[in-house]
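To find a chain, count down the sequence lines: A is the first, B the second, and so on, and within it residues start at 1.
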Number of protein chains: 2
Amino acid sequence: MSFDGQLPPKLRLLRAAAELLAKSAGAAVSTRQITQLAGVTAPTLYHHFGDKEGLFDAVVAAGFEEYVAGERDFAPSGQPLVDIRRMWDNHVQFGLKQPELYLVMFGNIRPESRPAIVADAEGLLEEMLNKAAAAGQLNVQPREAARSILAANVGVTLMLIAEPAAERNLELSTMTRDAMIFAVSRDQGREAGSEDSGKSSVVVAAIALNAALQASHSDQLTSSELKLFLEWLHRISTSSTG
Amino acid sequence: MSFDGQLPPKLRLLRAAAELLAKSAGAAVSTRQITQLAGVTAPTLYHHFGDKEGLFDAVVAAGFEEYVAGERDFAPSGQPLVDIRRMWDNHVQFGLKQPELYLVMFGNIRPESRPAIVADAEGLLEEMLNKAAAAGQLNVQPREAARSILAANVGVTLMLIAEPAAERNLELSTMTRDAMIFAVSRDQGREAGSEDSGKSSVVVAAIALNAALQASHSDQLTSSELKLFLEWLHRISTSSTG
DNA sequence: TAGCACCTATAGCAACGCTATATGAACTGA
DNA sequence: TCAGTTCATATAGCGTTGCTATAGGTGCTA
């Protein structure tokens, strides 16, 4: 496949660069490869984009528009925190679908382009968090919340990209996502304390499990199993030492 | 400053590479620069390290030992979650002190070296989280907690590195840190906020009891009873919903 | 037709990562 | 003592990279 078609050379260069960038799994892409695929010679590239980085920046800019579109393209649910969750998932999905582009956007650190992109992504989040704050659902300043959530979001996405696609466990994402959203939202329980430090952890855990089991209707065990289980649990939770 | 001294060329190459890597703010470092600073010619580099990446890997390996040393070099406080907090801060400080090295270690995605390093860093965290789990302070499996915390830790550090040193606000780190540690720790307020995000209290309690039992030598149950008990416990703690 | 932007091609430079080959130094065994 | 072997470094140069000085072609306005 090549782009020697009738499109203008500038666009052909953009598409060729995007395609090669996406296909070469992290490896370097040369200007000669790009210009050849675009059916164009070297000076054309430098006429339109200044230098190689300029071309890549243009590719990134296009990719970022796609990203922003994805982040905006859903009906607001009316619950800002729910929308934030969707934005997180969109972010991760974008990274997994176009890992090379994502790495150029959020992974690589080039003092010029990256902060701008990060700032834009931050802005999208902050926008939504402002609604949450207006609804009194926020625990911290929207800007700080946006920075914190985005940092974790990027970290998780990078980690997921780094590991083989087969072993990817998206629970890492959902778990971290909920942790971050919960952390910035208002309706939290109070600070973690060390109240029950007197009893052994086994006993504490057994008591907690006992209470929880009594209150729930778990069907993981049969009734006879449950009966015996609770008896043992009782034996553990009434033991004096740990 | 140069390394034409009396040190063996291999070491001179390592130090020259590390120095140039640290000084060049993210820019590329050529083998010619390195060999010249080391007072050595090109083939020497390839004799000792195979290729440029091999040399950089060696630099990273040295840097990683320093990182690990930093992560281990403090007296355990007896409170695993407090130690985890220190490990987080150590991680961030390491990244800010040697940003270029950090970027090669955690930022760059090279399918070979990075996962190994990440896995090691993950191991350090998991080690400590195991103690927390044994003390019944954990809400989730130590491995999942380690992955989640490390991902957020890397994301925060990358973001801090990316922005100008003058504007760096470490509160981003402390805030995210506490959010993550709180999220994986047991003594949270219940379920709040996002409805279906947390696990049921039964599962939480079962995980804690499981970790506590593994670490203790409870003699309240016979070994055969304990075996069956743990099996049921596992069945409960791996159920998706309460 | 002339003049003027704009865009593209020819050809080539300096710097890059890397290597085929050769030379020197240090050790080994008789 | 000295040839044989191995390790370590140097000379010189290959192919590729990002990039550019210069020139030529194209389509417009007058």
Side-chain angles (χ1 to χ4, degrees), chain A residues 2-61 100-101 103-104 108-114, chain B residues 2-61 100 103-104 108-113:
Chain A
S2 86
F3 297 102
D4 322 80
Q6 49 287 71
L7 293 82
K10 183 169 182 177
L11 197 56
R12 275 186 276 158
L13 278 168
L14 262 179
R15 298 204 179 168
E19 178 176 328
L20 289 176
L21 212 58
K23 282 188 177 173
S24 78
V29 176
S30 73
T31 58
R32 280 173 169 81
Q33 287 179 305
I34 297 173
T35 54
Q36 182 181 347
L37 178 59
V40 150
T41 53
T44 306
L45 190 162
Y46 296 92
H47 173 72
H48 288 289
F49 299 100
D51 60 355
K52 187 186 186 182
E53 198 168 298
L55 171 58
F56 280 37
D57 283 348
V59 172
V60 166
E100 280 75 22
L101 183 56
L103 287 180
V104 178
N108 248 355
I109 313 271
R110 286 179 310 169
E112 311 162 12
S113 62
R114 194 191 119 111
Chain B
S2 87
F3 297 102
D4 323 79
Q6 50 287 69
L7 293 83
K10 183 169 183 176
L11 197 57
R12 275 185 276 158
L13 278 169
L14 263 179
R15 298 202 179 170
E19 178 175 329
L20 288 177
L21 213 58
K23 283 187 178 174
S24 78
V29 177
S30 73
T31 59
R32 282 172 167 85
Q33 288 178 304
I34 297 173
T35 54
Q36 182 182 348
L37 178 59
V40 150
T41 52
T44 306
L45 191 161
Y46 296 91
H47 174 71
H48 288 289
F49 298 100
D51 60 356
K52 186 185 185 182
E53 197 167 298
L55 171 58
F56 280 36
D57 283 348
V59 173
V60 166
E100 280 73 23
L103 287 179
V104 178
N108 249 355
I109 312 271
R110 286 181 310 172
E112 312 162 9
S113 62

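Distance CG (B/Asp51) to P (D/dG15): 20 Å, rounded to an integer number of Å. Here C/dG17 presents its C1' atom at 13 Å from CG of B/Leu55, a figure rounded to the nearest Å. Here the C1' atom of nucleotide C/dT10 and the CG atom of A/Leu45 are 17 Å apart, to the nearest Å. Look at CZ on A/Phe49: it is 13 Å from C1' on C/dC7, rounded to the nearest Å. Residue A/Leu11 contributes atom CG, which lies 16 Å from atom C1' of C/dC7 at whole-angstrom precision. Put simply, CZ on A/Phe56 is 11 Å from C1' on D/dG18, counting in whole angstrom units. Distance, B/Lys10 NZ to D/dA8 P: 9 Å, rounded to whole Å. The distance from atom CG of A/Leu13 to atom C1' of C/dA9 is 14 Å, rounded to the nearest whole Å.
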Would you tabulate the pairs of protein nitrogen or oxygen atoms and nucleotide nitrogen or oxygen atoms of nucleotides 20-22 of chain C closer than 3.5 angstrom?
none

So which protein N/O to nucleotides 12-16 of chain C N/O distances come out below 3.5 Å?
from	atom 1	to	atom 2	distance (Å)
C/dC16	OP1	B/Ser30	OG	3.3

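Shown here for B/Val29 and B/Gln33, the closest heavy-atom pair between the two residues is CA-OE1, 3.5 Å. When all heavy atoms of B/Leu13 and B/Leu45 are compared, the pair lying nearest together is CD1-CA, 3.7 Å. Summarising the geometry of A/Val40 relative to A/Pro9, their closest heavy-atom pair is CG2-CB, 4.0 Å, with the distance given to 0.1 Å.
Comparing D/dT11, C/dC7, C/dC18 against the side chain of A/His47 picks out C/dC7 as the nearest. For A/Tyr46, whose side chain is taken as the heavy atoms from C-beta onward, the closest listed nucleotide among C/dC7, D/dT9, D/dG18 is D/dG18.
With hydrogens and angles ignored, the 3.5 Å screen pairs no side-chain donor or acceptor of A/Lys52 with any backbone N or O of A/Ser30. Using a distance-only test at 3.5 Å, with no hydrogens or angles considered, no donor-acceptor pair links the side chain of A/Lys10 to the main chain of A/Phe49.
Taking the side chain to side chain contact (heavy atoms under 4.5 Å, CB included) definition, one finds that B/Ala18 meets it with B/Val59, sequence neighbours left out.
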